Amino acid sequence: MINNTTNFICESVLNKNLPIAKSRWRKSIMFAFCLIMGFTHQTTNAQVPTTCFEIQSILVAACGTPEGENEMVRFIVGPNDLPLSLLVVNWPNVNNAFLGICQNPQTAANVAAINSAIGGCGFVQEPVGGILPAGSTVVLVTSTNMNPAFNSFAGLTDTLIMIFQCSGNTSGHFKNYGTTGTLTRTLSMLVDACGDSVTYHIDSLKMQSGAIGDEDGATVLFDFPGNATYTNPGCEAPINSLFATLSADSTSACAGSTINLSAVISNSNYSSYFWSGGAGSYGNLASLNTTYQTNSTFIGIDNLTFNIVGNCNDTISSSFQLQINPCAIGIKEQNDEASIAIFPNPVLDECSITASKFANALLTICDVEGRVIIQQYFYGKSNISLAALSAGVYVLEIRSNTGASSKIKLVKE
């Protein structure tokens, strides 16, 4: 039985927390050592399934020619080691037989090329002793003749085991084309009497633009129950990339107002996160959900950034642009009537605006939430049609090219 010291060393190396894991070569040696000693490493990118394994992702439309040699499937092993010799795959394209798994100098060269191109501390390892360890994440490539340059692993941030189908199939394994007939495709995989199967619809595949269609990079993600999510990250391998999806109350705001921000991180392969950037201030820099107080004197594009510190100690940043407008909620009318004059006000359809002090300026009308409704150049006097606006209160600002400005409340009947 493995002792506590060995368990500590293996766990530390595989999680990249000790100096002993300074090089991928040393990590490769220690990975093999840990398997021989009986240590089972569980990756952190997903919950370990209770079944023998779960299919997580299919690169349905791989980049590269022939496509059938560069397609991939990602799955995660359950609570027990799996003997690779018992793996059987039934491809959606029934014309392609499963040719078994091969591990040879060609597969070793493929893995070495992939590791050399990874930007962070992610690592790809072939299986040791024909065993897929419990909790490990595995990528099955459809041929030993795959070209590592076609589908990028550069964003990998965890450890993958890679296995290769023996060469021989060059046509696609997933049949991602067609608009008639049976549009569903099913992939099933078995290890002895245990297995998993997933089904996807080829008419739901996505292009890189997000539109429905067949384009290189089309990928289908699956949760453990088998529900499909369709995406297209381009020519990227089906790895569990680390990124954040940002959202806010609005993409525009008034100077001096407050909005709510939120971030959703794609997986758990990170150590910390924080907000940065912008001319304003955050309620909590180290929270996924926080408030942002815009700067009362800043007008323009505010660039907000959410940063994730990965397990590799690298930082992945996502940006959010917020339009800050020169308007304010509850603003009072200017006392200086000579500054801006609106007639009539309240306005039914059209009004005349006069501001002799602003001979070369920008006129902006915002709603009370800070959204820009009308914006145009202003040269001292202008007639503006407001017939298309809903009834309510608006804020009109005129700002000169020297930075001087004046605001007034505008009422639309």
Side-chain angles (χ1 to χ4, degrees), residues 53 55-75 84-111 113-114 124 126 138-153 160-191 195-208 211-222 226 228 230-239:
F53 65 88
I55 298 171
Q56 295 180 298
S57 178
I58 303 175
L59 177 57
V60 173
C63 296
T65 303
E67 183 179 351
E69 293 185 335
N70 292 279
E71 297 157 320
M72 303 180 202
V73 178
R74 188 181 85 231
F75 61 96
L84 189 53
S85 61
L86 298 181
L87 175 64
V88 176
V89 180
N90 295 309
W91 302 112
N93 181 0
V94 296
N95 296 320
N96 279 345
F98 178 59
L99 303 179
I101 300 298
C102 287
Q103 189 170 337
N104 52 38
Q106 179 62 50
T107 65
N110 291 338
V111 168
I114 290 170
V124 175
E126 289 193 89
V138 184
V139 169
L140 165 61
V141 184
T142 51
S143 177
T144 57
N145 290 332
M146 66 95 75
N147 186 328
F150 283 143
N151 301 282
S152 174
F153 283 82
L160 294 179
I161 294 179
M162 182 170 287
I163 58 177
F164 299 84
Q165 181 181 225
C166 300
S167 62
N169 294 339
T170 56
S171 62
H173 294 74
F174 298 106
K175 296 191 71 175
N176 51 287
Y177 54 88
T179 56
T180 60
T182 303
L183 301 179
T184 58
R185 301 286 185 266
T186 298
L187 167 70
S188 63
M189 300 171 60
L190 296 170
V191 175
D196 189 27
S197 65
V198 291
T199 299
Y200 57 94
H201 298 262
I202 61 174
D203 58 345
S204 296
L205 297 175
K206 287 192 175 181
M207 304 174 68
Q208 295 176 29
I212 299 296
D214 174 22
E215 185 179 28
D216 285 352
T219 300
V220 187
L221 309 176
F222 301 95
Y230 300 86
T231 184
N232 192 322
C235 293
E236 178 178 282
I239 58 178

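Note that the structure is a prediction, hence the values are computed from the model and not measured.
- In this structure, Ser197 OG and Leu190 CG are separated by 8.5 Å, a value rounded to the nearest 0.5 Å.
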Where do Met189 and Leu87 land on the side-chain contact (heavy atoms from CB on, under 4.5 Å) test, with the steps shown first? CA-CA 7 Å; Met189 300 171 60; Leu87 175 64; 4.1 Å; yes
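- Asn169 places a side-chain N or O within donor-acceptor distance of the main-chain N or O of Ala97, the cut-off being under 3.5 Å.
- Atom CZ of Phe222 is separated from atom CD of Gln56 by 11.0 Å, given to the nearest 0.5 angstrom.
- The minimum heavy-atom distance between Gly217 and Cys63, with the atom names listed, is N-SG, 4.4 Å.
- Remark: the backbone N or O of Lys206 is paired with a side-chain donor or acceptor of Asn232 at under 3.5 angstrom.
- Interatomic distance, OG1 of Thr219 versus CD of Glu236, reported as 8.0 Å (0.5 Å rounding).
- The main-chain N or O of Gly172 is found under 3.5 Å from a side-chain atom of Asn93 such that the two form a donor-acceptor pair.
- Not a single donor-acceptor pair under 3.5 Å links the side chain of Asn110 to the backbone N or O of Pro148.
- Under a 3.5 Å cut-off, the side chain of Asn151 and the backbone N or O of Ala62 do not form any donor-acceptor pair.
- Here the closest non-hydrogen pair linking Ile212 and Ser204 is CD1-O, 3.7 Å.
- Closest heavy-atom contact between Asn70 and Thr142: N-OG1, 3.6 Å.
- In this structure, Phe153 and Leu160 have side chains that are in contact, with non-hydrogen atoms separated by less than 4.5 Å.
- Here the closest non-hydrogen pair linking Glu215 and Ala61 is O-CB, 3.5 Å.
- Between the side chains of Ser167 and Ser143, no donor N or O sits under 3.5 Å from an acceptor N or O.
- Judged by distance alone, the side chains of Glu71 and Trp91 never bring a donor and an acceptor atom under 3.5 Å apart.
- Within the 4.5 Å cutoff, the side chain of Val73 has no heavy atoms near those of the His173 side chain.
- Under the 3.5 Å distance criterion, the side-chain polar atoms of Tyr200 are left unmatched by any main-chain donor or acceptor of Leu205.
- Contact check for Phe174 versus Ile58: side-chain heavy atoms found under the 4.5 Å cut-off.
- Of all non-hydrogen atoms in Glu69 and Val141, the two that sit nearest each other are O-CG1, 4.2 Å.
- Phe164 has its side chain within reach of Val111: a pair of non-hydrogen atoms, C-beta onward, lies under 4.5 Å apart.
- Looking only at side-chain heavy atoms (C-beta outward), Thr231 and Pro233 come within less than 4.5 Å of each other.
- In terms of modelled atom types and a separation under 3.5 Å, the side chain of Arg185 and the main chain of Pro92 share no donor-acceptor contact.
- Note that CZ of Phe150 is 10.0 Å distant from CG of Asp216, once rounded to the nearest 0.5 Å.
- Atom CG in Asn145 sits 11.0 Å away from atom CD in Gln165 (nearest 0.5 Å).
- Separating the CD1 atom in Ile239 from the CZ atom in Arg74 is a distance of 8.5 Å, to the nearest 0.5 Å.
- A heavy-atom distance below 4.5 Å is not found between the side chains of Ile202 and Asp214.
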